[in-house]
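Note sheet for the following structure.
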Protein chains: 2
Amino acid sequence: MLTAALSLIRRHGFAATSVDELCAAAGVTKGAFFHHFRSKEDLGVAAARHWSEITGTLFATADYHDLPDPLERIYGYLDLRASLAVGGVPDFTCLAGTMLQETYDCHPPVGEASYASITGHAATLEPDFQAAIDLYGIKGCPSARSLALHTQTVLQGAFIQAKGKGDAEPVHEALEHLRRYFNFLFPRPVEGSP
Amino acid sequence: MLTAALSLIRRHGFAATSVDELCAAAGVTKGAFFHHFRSKEDLGVAAARHWSEITGTLFATADYHDLPDPLERIYGYLDLRASLAVGGVPDFTCLAGTMLQETYDCHPPVGEASYASITGHAATLEPDFQAAIDLYGIKGCPSARSLALHTQTVLQGAFIQAKGKGDAEPVHEALEHLRRYFNFLFPRPVEGSP
DNA sequence: GGCAACATACCGACTGGTTGGTATGTTGCG
DNA sequence: CGCAACATACCAACCAGTCGGTATGTTGCC
């Protein structure tokens, strides 16, 4: 049921996804739906949490965490995000960003749960940014938290561009800009220099 | 009528804005509405175009164009964007991005008009980026077009973050990152050096 | 074991209100 | 007059949510 919700909401948005439609897609009756969820808003919150779980385990179990260099872990994360941005637009865009846009004012609980999903994911990047700052120093003075959030800002914006263009290319381009920015921020010692 | 549409859609989204609600807000009857617009989808397209016009004249008549240095014009643009990001969230966020997110799949004409608004605005920045590249050179090799689009990507992402946080702070932070990125990209000669 | 009392999971017809959209006036101006 | 700009009344489809009912456990007491 939640799986069907993720798919439908990512495609049509929260408001445009009806309970009937969702039930049909999930192969359950309306009675079953309202047995498990108090309201449609309740489903939205549950969907955001489910999204957090799915993406949480996906990124938590990713290989890039094993890299010894924190900066390499950050680049590994960007590579992973790029490798995920393939196929149809509704298949790689972010449920949380989509729902947040249209529920922040009308359905605050859904918006809050969606925002928590984004900030929660950003928080998992913060230690690597902090370690990179500690190890390499940083030009300018953005904090690890700010950099982690900015990464998500760029990705969310890239998803909007992808929805307009109809393919994943804007995501890859945005990730390149992000990589270049980080490259400027963290001045790595040249290989083989003293 | 279009003015009311902009306000309502930015607040509630396209799907959650009903024709009745819109008519009430605009102080017209439903008959008048369907006299001017063939359908709700038609209104969406018109709203996107109206948005393009409003923002188009706003930025076209801005002072930063008068600066002699193209890079200063870019920074002037960023300053202007920052100065616009004040007050309530629905008052400074982007209609085009909001509509694009929820109509790209269900109402392609609305999505396309919204995307055209974003890319059209980005195109107005391109000459300044190109002039900056020509004047200062550039580190890495992003094109003027790519930089102009990236600026919008970051802003769109920042608007999503602002909707989550409930205020404009994420927009200002994102613009700072953008400014820092451009600062790295365009190596300006130090004041007073040969 | 047997059986009553209760709990959970689910069904699907139904409701009151809302939706986008239409069909048929009415008004006012050139 | 004629025609554009509206207003009014209305419609079928759809919406989220309800409700009486059923099937299947689960518990606890004798």
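Numbered from 1 within each chain, the chains take letters A, B, ... in sequence-line order.
With hydrogens and angles disregarded, a donor-acceptor distance shorter than 3.5 Å links the side chain of B/K40 to the backbone of B/T17. Here the side chain of B/R73 pairs no donor or acceptor atom with the backbone of B/D66 at under 3.5 angstrom. Of the possible polar contacts, one joining the A/T151 side chain to the A/L147 backbone as a donor-acceptor pair under 3.5 Å is found. Counting only distance, with no hydrogens or angles, the side chain of B/S52 and the backbone of B/A48 share a donor-acceptor pair below 3.5 Å. At least one donor-acceptor pair under 3.5 Å links the side chain of A/Y75 to the backbone N or O of A/N183. Judged by distance alone, with hydrogens and angles left aside, the side-chain atoms of A/R10 form no donor-acceptor pair with the main-chain N or O of A/L95 at under 3.5 Å. Looking only at distances, a side-chain donor or acceptor of A/E102 sits under 3.5 Å from a matching main-chain atom of A/F14.
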Subject >> Contact state string [nucleotides 10-19 of chain C, B base, S sugar-phosphate only, - no protein heavy atom under 4.0 Å] >> reply: BBB------B
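Note: CG (B/L43) to C1' (C/dG20) measures 12 Å, nearest angstrom. Remark: P of D/dC10 and CZ of B/F34 are 18 Å apart, rounded to the nearest angstrom. What separates CG of B/D42 from C1' of C/dG20 is a distance of 13 Å, to the nearest Å.
Taking every heavy atom of residues 3-11 of chain B and every atom of DNA chain C, no pair lies under 4.0 Å.
Going from atom OH of A/Y64 over to atom CG of A/L78 covers 9.5 Å, rounded to the nearest 0.5 Å.
If one axis is set at each end of the helix from C/dG1-D/dC30 to C/dG30-D/dC1 from five pairs, those axes are 10° apart, to 10°.
Among all heavy-atom pairs drawn from A/S146 and B/H177, the shortest one is OG-NE2, 2.7 Å.
Checking each of A/Q161, A/Q156, A/E173 against B/T153 for a side-chain hydrogen bond (donor to acceptor under 3.5 Å, both in side chains) leaves exactly one that passes, namely A/Q161.
In summary, the aromatic rings of A/Y77 and A/F59 are positioned with their centroids under 6.0 Å apart. Two rings, from A/F129 and A/F182, have their centers less than 6.0 Å apart. Aromatic ring centroids of A/F92 and A/H172 lie 6.0 Å or more apart. Centroid-to-centroid, the aromatic rings of B/F186 and B/Y136 stay 6.0 Å apart or farther.
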Heteroatom pairs (N/O) under 3.5 angstrom, protein to nucleotides 28-30 of chain C:
none

So which protein nitrogen or oxygen atoms get under 3.5 Å of nucleotides 20-24 of chain D's nitrogens or oxygens?
none

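With sequence neighbours excluded, the residues that form a salt bridge (charged side-chain N to carboxylate O under 4.0 Å, His left out) with A/R179 are A/D79.
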